[in-house]
Q: 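The structure's right below; bear with me while I get my questions together.
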Amino acid sequence: MNKNEACGRLYSINKTRIKQVDLQIGHILPAIQVRSEDITCTRCGQRTTKKRAALPANHYFCPKCKMLGRISTLNVLYTIPESNEFAQILNPLTWDGELSVFQTQCAQDLKKVVQRKGNHLLWAVTGAGKTEMLFDALEYAIQRKMRICIASPRVDVCNELFPRLKKAFEQVDILLLHGRQQQKYRYTQIVVCTTHQLLNFRQAFDVLIIDEVDSFPFVNNKLLNHAVKTARKKISALILLTATPTKELLAEVRKNKMTFSYLPVRYHGHVLPFPKTRIVREWESKLERGKLPLKMIKIISKWVEEGFPFLIFVPRIALLEQTYMALKKYVNSDVRGATVYANDPERIEKVKKLREKKLIFLITTTILERGVTFPNLNVLILGAEDKVFTRSALVQIAGRVGRSAQRPVGDVFFLCQSLTRSIKGALKQISFLNKKGRQLLK
């Protein structure tokens, strides 16, 4: 371990190795704090009963963050204060695009947040160009040698962000950090990571940006909210990005605990495609017999004829293969597709193939509800009445469509047995956003 690798990080080491670290530049923290009835993990801040955390010989471990590597009372945590030892880059932004008038206003707000080290919520519809709106603020931070982290609860979001940031800031070393890739940790000015990875940092970041802040597993997660608090410096900027803010986030704005920006139109100046609902009775029993609802067949046939790629969302993994096998009966063999879910080992590759037009469709769970962008896409949800399709999930899924300036429109279909509160809420929110967007465009 060199000095920079431990800057702003929590390194777990065995207690027998304490003499091997430099205590003049860093310091040691207990990995686990033991009390009479329970233990508290320093890394994730979570309490666990002694019974659940017990190891032999009166030792204890933390079960809450073991996905990052087990730590126990046999370990200590070593950390070095963040030093911001970065090269001076005068003109780091290599992106040559232009922001719209509305995007520019939001971008200016974000830059001010970084300047004053405040907390800020950016509510912008899917496809509004949130990443590009960050560029001015990021350039300001890079020029002043601030350390930056852009985190998201979703791996797919991180994989989308990383190449776009690399292209926009070609002179800046950027690290992609999550459990599904092989990049070894190194000290960089910008880190793109999943929110779980924030648990390994301690007062490291001058600017911390959380994308898709309302999504699982981040929302209402005490462990990950603890990670945000400990990963940022005591005086730092926190920027939260979302297309579907929770009531709790909006309440924080009303209480003046954070500033706020709002953009109801997409980067290309169009509003969101409005979903069409179709009632389909007993669709699951049809699937079990290897059939699709007639309304779904007509929609898919039209899409195949037009040649546009499409996503089909189903509520459960068990339905993926059934839907795929049934669909293949109604399309030609050259209409290539696949199924994909969260723990699919080929998940990243399949998404890439759809983007490269090597696949025409993917049948997926909610894992692709956000963070992925495909041009010319159409979307259908089979079983939209299922409780897994929350209001925000339905809005996000609808937001996959119409993201290209070349085709800012597209089809969104909710196939359901009945109109649930979530479906009605999603339609109401999209209608509200589109109304505000049209008013802005006048």
Side-chain angles (χ1 to χ4, degrees), residues 156 216 273-347 349-351 353-354 358-370 372 374 377-401 410-427:
D156 302 277
F216 177 84
F274 193 77
K276 301 170 186 175
T277 57
R278 298 288 185 271
I279 301 298
V280 290
R281 307 291 184 189
E282 300 179 349
W283 60 268
E284 277 198 81
S285 62
K286 286 185 172 68
L287 273 187
E288 290 172 359
R289 300 194 303 271
K291 297 181 179 181
L292 296 178
L294 180 59
K295 292 176 182 177
M296 182 174 174
I297 295 169
K298 290 181 178 179
I299 293 167
I300 299 300
S301 298
K302 173 177 173 286
W303 288 351
V304 169
E305 185 177 338
E306 292 172 343
F308 294 126
F310 57 93
L311 295 177
I312 297 175
F313 288 82
V314 295
R316 293 180 296 282
I317 292 175
L319 296 170
L320 290 171
E321 191 63 23
Q322 284 183 337
T323 308
Y324 178 80
M325 296 306 295
L327 176 60
K328 293 299 286 184
K329 295 178 181 179
Y330 299 97
V331 298
N332 295 330
S333 58
D334 59 344
V335 180
R336 300 175 304 280
T339 63
V340 65
Y341 57 97
N343 293 321
D344 187 339
E346 299 179 20
R347 168 178 155 190
E349 184 62 27
K350 289 175 180 177
V351 170
K353 284 183 178 180
L354 185 68
K358 294 177 182 178
L359 294 176
I360 302 299
F361 69 90
L362 285 176
I363 302 174
T364 179
T365 59
T366 54
I367 193 62
L368 295 186
E369 76 177 44
R370 60 181 80 212
V372 290
F374 307 99
L377 192 72
N378 292 321
V379 160
L380 180 149
I381 303 175
L382 180 59
E385 76 279 359
D386 194 278
K387 63 182 180 181
V388 73
F389 294 117
T390 61
R391 176 187 56 82
S392 63
L394 292 169
V395 173
Q396 288 284 354
I397 289 170
R400 299 308 98 204
V401 176
D411 292 337
V412 182
F413 283 94
F414 294 168
L415 272 57
C416 54
Q417 298 198 69
S418 61
L419 293 178
T420 63
R421 181 180 294 180
S422 292
I423 293 173
K424 292 176 183 177
L427 296 175

Q: If you look only at pairs with a residue in residues 382-401, which of them pass as a salt bridge (charged side-chain N to carboxylate O under 4.0 Å, His left out), with sequence neighbours excluded?
A: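 Only Arg316-Asp386 qualify under salt bridge (charged side-chain N to carboxylate O under 4.0 Å, His left out).
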Q: Specify the closest pair of heavy atoms between Ala342 and Thr365, including all atoms of both residues, with the distance to one decimal.
A: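 Result for this residue pair: N-OG1, 4.3 Å.
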Q: Which distance, rounded to the nearest 0.5 Å, do you find between the CG of Leu292 and the CD of Gln322?
A: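 Answer for the CG-CD pair, Leu292 versus Gln322, is 11.0 Å.
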Q: State, yes or no, whether a side-chain contact exists between Leu380 and Leu311 at a heavy-atom distance under 4.5 Å.
A: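 No; the side chains remain at least 4.5 Å from each other.
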Q: Testing the basics here: between Phe414 and Ala384, what is the closest heavy-atom pair and its distance to 0.1 Å?
A: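 Answer, listing the atom of Phe414 first, then Ala384: CB-CB, 4.0 Å.
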Q: Restricting to non-hydrogen atoms, name the atom on Trp283 and the atom on Gly383 that form the minimum distance, rounded to 0.1 Å.
A: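 What the structure gives for the nearest pair is CZ2-CA, 3.4 Å.
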Q: Show every salt bridge (charged side-chain N to carboxylate O under 4.0 Å, His left out) that has at least one partner inside residues 333-344, sequence neighbours left out.
A: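 Those involving residues 333-344 are Asp344-Lys350.
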Q: Hey, are the side chains of Asp156 and Leu368 touching, using non-hydrogen atoms and a 4.5 Å cut-off?
A: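 Asp156 reaches Leu368 side chain to side chain.
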Q: List in chain and number order the residues that pass side chain to side chain donor-acceptor pair (under 3.5 Å) with Thr323, two or more places apart in sequence or in another chain; answer none if no residue qualifies.
A: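 Result, side chain to side chain donor-acceptor pair (under 3.5 Å) vs Thr323: none returned.
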Q: Can you name the residues that form a side chain to side chain donor-acceptor pair (under 3.5 Å) with Thr364, not counting sequence neighbours?
A: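 Per chain and number, Thr364 pairs via side chain to side chain donor-acceptor pair (under 3.5 Å) with no residue.
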Q: So Glu284 and Leu319, do their side chains get closer than 4.5 Å, heavy atoms only?
A: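 The answer is yes; the side chains approach within 4.5 Å.
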Q: Tell me whether the count of non-hydrogen atoms from other residues, nucleotides or ligands lying under 6.0 Å of NZ in Lys295 goes above 12.
A: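 Counting neighbours around NZ of Lys295, more than 12 heavy atoms of other residues, nucleotides or ligands fall under 6.0 Å, so yes.
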Q: Apply side-chain contact (heavy atoms from CB on, under 4.5 Å) to Leu415 and Ile299, showing your working.
A: CA-CA 11 Å; Leu415 272 57; Ile299 293 167; 4.1 Å; yes
Q: According to salt bridge (charged side-chain N to carboxylate O under 4.0 Å, His left out), who are the partners of Lys286, at least two apart in sequence or on a separate chain?
A: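 Checked Lys286 against salt bridge (charged side-chain N to carboxylate O under 4.0 Å, His left out); zero matches.
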Q: Rounded to the nearest 0.5 Å, how far apart are CE of Met296 and CZ of Phe413?
A: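 Separation between the atoms: 11.5 Å.
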Q: Below 4.5 Å, heavy atoms only, C-beta onward: do Leu382 and Ile363 meet side chain to side chain?
A: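 Leu382 vs Ile363: side chains apart.
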Q: Which residues pass the side chain to side chain contact (heavy atoms under 4.5 Å, CB included) test with Ser422, sequence neighbours left out?
A: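 Here the qualifying residues are Leu394, Thr420.
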Q: The criterion is side chain to side chain contact (heavy atoms under 4.5 Å, CB included); which residues satisfy it with Ser285, sequence neighbours excluded?
A: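 Checked Ser285 against side chain to side chain contact (heavy atoms under 4.5 Å, CB included); matches are Glu282, Arg289.
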Q: Who passes side chain to side chain contact (heavy atoms under 4.5 Å, CB included) against Lys302, sequence neighbours left out?
A: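 Only Glu306, Asp411 meet the side chain to side chain contact (heavy atoms under 4.5 Å, CB included) criterion with Lys302.
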Q: Counting only heavy atoms not in Lys298, do more than 12 fall under 6.0 Å of its NZ?
A: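 Not buried by this count: 12 neighbours or fewer within 6.0 Å.
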Q: Looking at residues at least two apart in the chain, or sitting in another chain, which of them share a side chain to side chain contact (heavy atoms under 4.5 Å, CB included) with Thr390?
A: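 With sequence neighbours excluded, Thr390 shows a side chain to side chain contact (heavy atoms under 4.5 Å, CB included) to Ser392, Ala393, given in chain and number order.
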Q: Compare every heavy atom of Tyr330 with every heavy atom of Ala326, then report the nearest pair and how far apart it is.
A: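 Heavy-atom minimum between the residues: O-CD1, 3.1 Å.
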Q: Going by ring pair (Phe, Tyr, Trp, His ring centres under 6.0 Å), name the pairs with one or both residues in residues 306-325, residues two or more places apart or in two chains.
A: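 Every pair satisfying ring pair (Phe, Tyr, Trp, His ring centres under 6.0 Å) with a residue in residues 306-325: Trp303-Phe310, Phe310-Phe361.
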Q: Under 4.5 Å between any side-chain heavy atoms of Phe374 and Val351, yes or no?
A: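 A side-chain contact exists here, since the closest heavy-atom pair is under 4.5 Å.
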Q: So which of Ile312, Val340, Thr339, Val372 actually passes side-chain contact (heavy atoms from CB on, under 4.5 Å) with Leu362?
A: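 The side-chain contact (heavy atoms from CB on, under 4.5 Å) with Leu362 is passed solely by Val340 among Ile312, Val340, Thr339, Val372.
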Q: Is there a side-chain contact between Cys416 and Ile279 in this structure, where contact means two heavy atoms from C-beta onward sitting under 4.5 Å apart?
A: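 In short, these two side chains touch, coming nearer than 4.5 Å.
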